[in-house]
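Positions are given from 1, in the same order as the sequence printed here.
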Amino acid sequence: MTKLSDIPVSVEIYDALADWQVHTGEGEKVVARRVKGRFRTLKNYSMSIWLIYFLGPYLRWDDHQAVLFDIPNQQFHLFGMTLYPQDIWVLSLTLLFFAILLAAATSIAGRVFCGYFCFQTVWTDVFTFIEGKLEGNTPSKAHKFKNAQMSANKAIRKGTKHIIWLSIAVLTGITFSAWFMDAYQLWSEIVTLQAPVPVWIAMGIFTFFTYWFAGFMREQVCFWLCPYARLQGVMYDQETVLPAYDAVRGEPRGKLSRAGQTENQGSCIDCKLCVAVCPTGIDIRKGQQEGCITCGLCIDACDSIMDKIDQPRGLIRYASYKELHQGKTSVNLLKRPRVLVYSSIMMLSVVGIIYGFASFSPTFFTVTPERQPLYVQMSNGEIQNKYTLKLLNKTNETLNVRYRISGLDNANVEGIDEVISIEPGKMVPTTALVRVDPAAMSLNSLNDFKFTVEAENAENIADSYNAVFIVP
């Protein structure tokens, strides 16, 4: 029979009960208590991934911004590589990969994205951390601070909190704009109030919604605004591993007294610390709920109590429905059809992305034949076809190119005799008139030939396009 032998444990449990009363009070916003543990540590590390969002725009590559979405010029710069709308399929495959990855992760371990990576969850966690440092780091302390009479100290603390919140919100808005224009130029234009109107609009939108959602709405965004929270249920199955309460071991619940636990009492001492630490305020002991974001903080809370009362950990743990309710072990991931389907789609996406970057061309060459008329018969008997040649220069240097044709014997070509200069990111159309004397060669109604373009000032830059010459 386990006994509670040290006073600090009972104090912690009573504090947890006090926090739970505030945490679940009607009309009160959720103020989650913070506890240390492995999942809290994992959450802190995963949240640091968002440093890429804030620091990414300031990375340089060849004296240019390493990653830049240049929408006005329809270009995407990625570490010296420039993608154009013609290469959008590579970006589409990348987005498909991450979308399927999200679905696969949900099928395997629930809403781990929400618990560890979602921007709403991360920003809310940062905002509540700041609030806790200034107004109380437990729900009961925060409640006491809120109901205290206004004083200079209270005003300073509340003012400091909102100033820091707004600073983070403004920085979030500026950073978003920095992904779409040079970051250093952006700061210069903002400081001098010369930034374009879209920048001010983006800053205003991101500042408002970051400040409002992370500072005030918090878990309500997950409950009422997030579509992913509505879709998560259809992605679960009986093999999905989720934070779960082991009712067989925990029930019946009973308060822990100095006399110890009774023989028929379960491991749960109803301290409600698992509820007090939940960012969305749910009670995991009631089973899976819409508000569970699979963060595992309730596991840290319960494990800390189990350690204090000399009980084995795992009363609340990551477990599947089959494990808890049917006593079966989870099926190997490689034997789960849903995971196999998701994995196959992801692998195909990765193959496509690798192929896209491996076969990336520094130019994009197209040839469009004149449709009306398809051909013209000249006064001397020659047949003429008209073509519009377009070459997109994806490099960062001006290309001097020359066109030629092959595959049509005795053909005369006008319009592509001279070298053409094409600036970076530009597409220059060129008209080519191809004439053939039917008497000089045997021609079918459709005759294949090839346009070729080569850069005279850049090695290994050449492209070709298969065309058709039409005759009567």
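- Of the residues Lys161, Lys141, His143, Lys154, the one that meets the side chain to side chain donor-acceptor pair (under 3.5 Å) test with Glu135 is Lys161.
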Show me, pair by pair, the donor-acceptor contacts under 3.5 angstrom made by side chains of residues 99-109, not counting sequence neighbours?
{"residue": "Thr106", "atom": "OG1", "partner": "Leu102", "partner atom": "O", "Å": "2.8"}
{"residue": "Thr106", "atom": "OG1", "partner": "Tyr228", "partner atom": "OH", "Å": "2.1"}
{"residue": "Ser107", "atom": "OG", "partner": "Arg336", "partner atom": "NH2", "Å": "3.4"}

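- A salt bridge is defined here as a Lys NZ or Arg NE, NH1 or NH2 lying under 4.0 Å from an Asp or Glu carboxylate O, and Glu290 with Arg111 fails to meet this definition.
- Considering Tyr211, Phe209, Phe54 as possible partners of Trp123, the one that fulfils the ring-ring contact (aromatic ring centres under 6.0 Å, His included) test is Phe54.
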For Arg40 and Val35: C-alpha separation, side-chain torsions, deciding distance, then whether side-chain contact (heavy atoms from CB on, under 4.5 Å) applies. CA-CA 7 Å; Arg40 176 74 255 184; Val35 294; 5.8 Å; no
Check the pair Val67, Leu59 against side-chain contact (heavy atoms from CB on, under 4.5 Å), reporting the backbone distance first and the verdict last. CA-CA 8 Å; Val67 182; Leu59 296 177; over 6 Å; no
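- Side-chain atoms of Asp62 do not come within 3.5 Å of backbone N or O of His64 as any donor-acceptor pair.
- Lys322 has no carboxylate O lying under 4.0 Å from a charged side-chain N of Asp237, or vice versa, which leaves the two without a salt bridge.
- Within the 4.5 Å cutoff, side-chain heavy atoms of Ile174 are placed close to those of Met203.
- Here the side chain of Arg253 pairs no donor or acceptor atom with the backbone of Gly250 at under 3.5 angstrom.
- When Thr82, Thr363, Asp87 are each tested for a side chain to side chain donor-acceptor pair (under 3.5 Å) with Lys394, only one passes: Asp87.
- The closest side-chain donor-acceptor pair between Trp187 and Tyr58 falls under 3.5 angstrom.
- No side-chain donor-acceptor contact under 3.5 Å links Ser151 and Asn153.
- Contact check on Glu323 versus Arg317 returns a salt bridge, with a Lys/Arg side-chain nitrogen under 4.0 Å from an Asp/Glu carboxylate oxygen.
- Trp165 and Thr210 form no side-chain donor-acceptor contact under 3.5 Å, judged by distance and modelled atom types alone.
- Counting only distance, with no hydrogens or angles, the side chain of Thr207 and the backbone of Gly204 share no donor-acceptor pair below 3.5 Å.
- Residues Asn44 and Thr41 have side chains that never bring a donor and an acceptor to within less than 3.5 angstrom of each other.
- Side-chain atoms of Gln65 do not come within 3.5 Å of backbone N or O of Trp179 as any donor-acceptor pair.
- Donor-acceptor pairing under 3.5 Å is recorded for the side chains of Tyr245 and Glu251.
- Trp50 places a side-chain N or O within 3.5 Å of a backbone atom of Phe117 that can act as its donor or acceptor partner.
- Side-chain contact between Arg285 and Cys268: present, with at least one pair of heavy atoms (C-beta onward) separated by less than 4.5 Å.
- Looking at Ser349, its side chain never comes within 3.5 Å of a backbone N or O of Leu96 through a donor-acceptor pair.
- For the residue pair Ser267 / Arg249, a side-chain donor-acceptor distance below 3.5 Å is found, with atom types taken as modelled.
- Between the side chain of Gln120 and the main chain of Val221, no donor-acceptor pair closer than 3.5 Å is present.
- A donor-acceptor pair is defined here as one N or O able to donate and one able to accept, closer than 3.5 Å; no such pair exists between the side chain of Thr240 and the backbone of Gly110.
- Ring orientation note: the planes of Phe79 and Trp61 are nearly perpendicular, at an angle over 60° on the 30°/60° scale.
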Please determine whether salt bridge (Lys or Arg N to Asp or Glu O under 4.0 Å) holds for the pair Asp300 and Arg34, giving the CA-CA distance in whole Å, both sets of side-chain angles, and the decisive distance to 0.1 Å. CA-CA 10 Å; Asp300 285 339; Arg34 289 179 177 263; over 6 Å; no
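- In this structure, Phe213 has its ring center no closer than 6.0 Å to that of Phe119.
- In this structure, the side chain of Thr128 engages the main chain of Asp125 through a donor-acceptor pair within 3.5 Å.
- A donor-acceptor pair under 3.5 Å is absent between the side-chain atoms of Asp307 and the main chain of Cys302, judged by distance alone.
- To the nearest 0.5 Å, atom CG of residue Asn400 and atom CG of residue Asn457 are 4.5 Å apart.
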